[in-house]
Amino acid sequence: MSETRVRFAPSPTGQIHIGNIRTALFNWLYAKKEEGTFILRIEDTDQKRSTAEFEEVIKQEMEWLGLDWDEGVQAGGELGPYRQSERIDIYEEYAEKLLAKDLAYYCYCTPEELDEMRKQARENDQAPKYDGRCRDLSAVEREKLEAEGKEAVLRFKLPKSEKKIVVEDLVHGNVEFSSEVLDDFVIVKSDGIPTYNFAVVVDDHLMEISHVIRGEDHLSNTPKQMLLFEALDFEVPNFAHLPMILGADRSKLSKRSGEDYVYISEYRKQGYLPEAMLNFLSLLGWSPADEEEILSIEEIIGQFGLQEVNNSPAVFDVEKLNWLNGNYIREAKLDRIVELATPYLREAGYIEEELTEQEYADLEQIVDTVRGSLDYVAQITEHVDIFFNELEYEDVDKAEEIFKQEDVDLVLETLKDSLDTLEDYSSEAVLEELRAVLKELPVGGRLFYHPVRYALSGQDSGPELYNIISILGKEETLRRLDKALSLI
RNA sequence: GCCCCCAUCGUCUAGAGGCCUAGGAUACCAGGUUUUCAUCCUGGCGGCAGGGGUUCGAAUCCCCUUGGGGGUACCA
């Protein structure tokens with residue numbers, strides 16, 4: 001088994017979490033790097049919580065990020081089906097095998113009995129383990145319980161004597177467990193559906209998975225699975241348990257750990273670019289060889305390796321994501337950012353459904369002018385008001401104060417006159433004109449730029465002045481200059 | 001409670017015994033880009049959790065403590 005085959009196996013029980021998508025990414029990167037196969041398997045054995053809708057969400061978010069899969073749900077493949085709910089008969093077959101080998105047994109204990117058992121154990125400072133009371137039920141006893149209509153689960157029979165189980169983990173090294181800390185765990189629920197630990201073993205074997213790359217929260221489950229691999233005479237795959245992603249408060253990333261957003265969909269909706277997301281996520285737990293951190297996905301694939309994966313948990317730092325994303329927004333092709341920005345601008349009422357050619361050209365210029373200060377595209381609505389709405393000074397007293405400074409009347413008049421005669425309103429031409437006017441005036445930059453900016457935008461800060469003027473156009477610029485002059 | 005993992009600037013990390021007076025990124029601060037916010041450039045602030053060993057020498061190896069995380073389900 002030399003071919004690299006990895007899988008991402010999420011449960012369709014909710015929105016897809018940042019931590020999960022990082023797991024998907026690392027699997028995908030490893031498959032690309034090793035020229036292996038990346039498989040998407042849906043683990044929907046929790047019938048109560050799994051929905052088709054969330055499976056769609058998983059596929060959509062992966063597609064958005066460009067994490068394409070070679071085999072699996074939707075893509076198909078030789079070793080399907082790839083949805084666990086469609087593989088029940090397969091698990092049954094292997095459950096039979098364990099039963100036949102006397103490595104599994106039926107348990108008739110009710111959830112209430114089990115709860116009681118755990119409670120007792122806890123009170124006596126014992127580990128809350130199943131005590132194995134159904135392990136040696138005779139055929140007669142079983143029949144009697146069946147006759148009473150008791151439902152049964154199938155439990156795995158732990159080895160009688162203590163056994164060391166060593167997980168050879170690619171990121172953590174050898175991790176040793178004792179079978180003593182385990183109990184006879186359930187492998188098939190009373191409704192005939194396998195549990196996670198059982199299904200995952202059967203599937204990883206049948207789908208010929210070479211490397212199981214998953215979150216570290218699964219490390220503790222691994223000894224159980226290793227016992228199952230062994231019991232079924234399956235070859236054990238390689239394991240790599242990725243460090244957890246934590247929230248700002250160092251607890252598990254969640255709505256309560258200080259982050260506004262923990263689902264990948266929320267970042268998508270705020271206008272984060274997929275390549276920024278990928279770049280950022282790749283840096284959580286993995287680091288490139290040299291010091292450059294802004295990397296294309298091809299560069300990441302080229303450098304990626306499980307060897308370089310860190311083993312300590314990482315805090316999700318949205319500040320750094322913002323920096324990266326802002327970078328990608330500035331570097332991206334303009335029309336792409338315009339397209340991404342359009343829905344936000346529409347929703348905020350700045351632009352119409354249909355744009356004329358001229359309107360689109362103006363929009364392009366606005367987006368280009370403003371993109372420099374964005375962390376994510378949704379923020380654009382906070383920066384464009386000055387271009388779309390009638391200018392209103394929020395603080396008229398302050399405006400007067402600014403305009404009534406010495407020589408400011410001269411500044412505004414002179415600028416107005418020269419802009420009145422200017423024909424070319426391209427930002428280059430306007431920039432040149434501004435410089436020329438400033439040179440003629442008996443004031444420095446401070447008394448020029450700030451009052452003019454305030455006159456044109458009603459703000460102390462904003463995009464480059466020459467861009468503002470160029471976008472506003474002659475008519476509107478002169479109007480605003482007049483409005484300022486009227487206050488003096 | 002028990003088991004497992006982890007521990008370098010606020011954060012992401014480099015560092016696999018001497019190359020480390022610990023490097024980079026981000027964030028923050030200051031200066032520059034003849035105004036400002038942002039971008040960009042330059043500089044600065046800031047860290048090996050604590051204690052024992054091992055060694056000529058430890059951020060690096062071992063042990064303990066402390067702290068954090070995960071698991072302990074008929075969830076995955």
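What you see is a predicted model; the values in this text were computed from it and never measured. Order of the sequence lines fixes the chain letters, A, B, ..., with proteins taken first and strands second; residue numbering starts at 1 for each chain.
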Output side-chain donor-acceptor pairs under 3.5 Å for residues 460-468 of chain A, partner residues at least two apart or in another chain, one line each.
residue   : atom : partner   : partner atom : Å
Asp460(A) : OD1  : Lys398(A) : NZ           : 3.4
Asp460(A) : OD1  : His450(A) : NE2          : 2.8
Asp460(A) : OD2  : Lys398(A) : NZ           : 2.6

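- Checked against side chain to side chain donor-acceptor pair (under 3.5 Å), Ser178(A) has the following partners two or more places apart in sequence or in another chain: Glu162(A).
- Here His450(A) lies in heavy-atom contact (under 4.0 Å) with a base.
- The stretch residues 158-187 of chain A participates, sequence neighbours left out, in these ring-ring contact (aromatic ring centres under 6.0 Å, His included) pairs: Phe156(A)-Phe185(A).
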**Complete:** Its contact letters, B for base, S for sugar-phosphate only and - for none at protein heavy atoms under 4.0 Å, make nucleotides 62-73 of chain B read ------SSBS-S
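- For residues 219-230 of chain A, the pairs satisfying salt bridge (charged side-chain N to carboxylate O under 4.0 Å, His left out) are Lys163(A)-Glu230(A), with sequence neighbours left out.
- With sequence neighbours excluded, no residue forms a side chain to side chain donor-acceptor pair (under 3.5 Å) with Lys150(A).
- With distances taken from any side-chain atom of Asn310(A) to the nucleotides U11(B), U13(B), A76(B), the minimum falls on U13(B).
- Note on residues 184-194 of chain A: pairs passing side chain to side chain donor-acceptor pair (under 3.5 Å), not counting sequence neighbours, are Tyr105(A)-Asp184(A), Arg135(A)-Asp184(A).
- Not a single side chain to side chain donor-acceptor pair (under 3.5 Å) links Glu151(A) to another residue, sequence neighbours left out.
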**Complete:** B/S/- along nucleotides 22-31 of chain B (protein heavy atoms under 4.0 Å) is -SBBSS----
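- Residues from residues 278-288 of chain A lying near RNA chain B, meaning a heavy-atom separation below 4.0 Å, are Leu283(A), Leu284(A), Gly285(A), Ser287(A) in numerical order.
- Counting only residues at least two apart or in different chains, salt bridge (charged side-chain N to carboxylate O under 4.0 Å, His left out) contacts with residues 449-458 of chain A are absent.
- Within the structure, every pair that satisfies the side chain to side chain donor-acceptor pair (under 3.5 Å) test and touches residues 322-333 of chain A, not counting sequence neighbours, is listed here: Tyr272(A)-Asn322(A), Asn279(A)-Tyr328(A).
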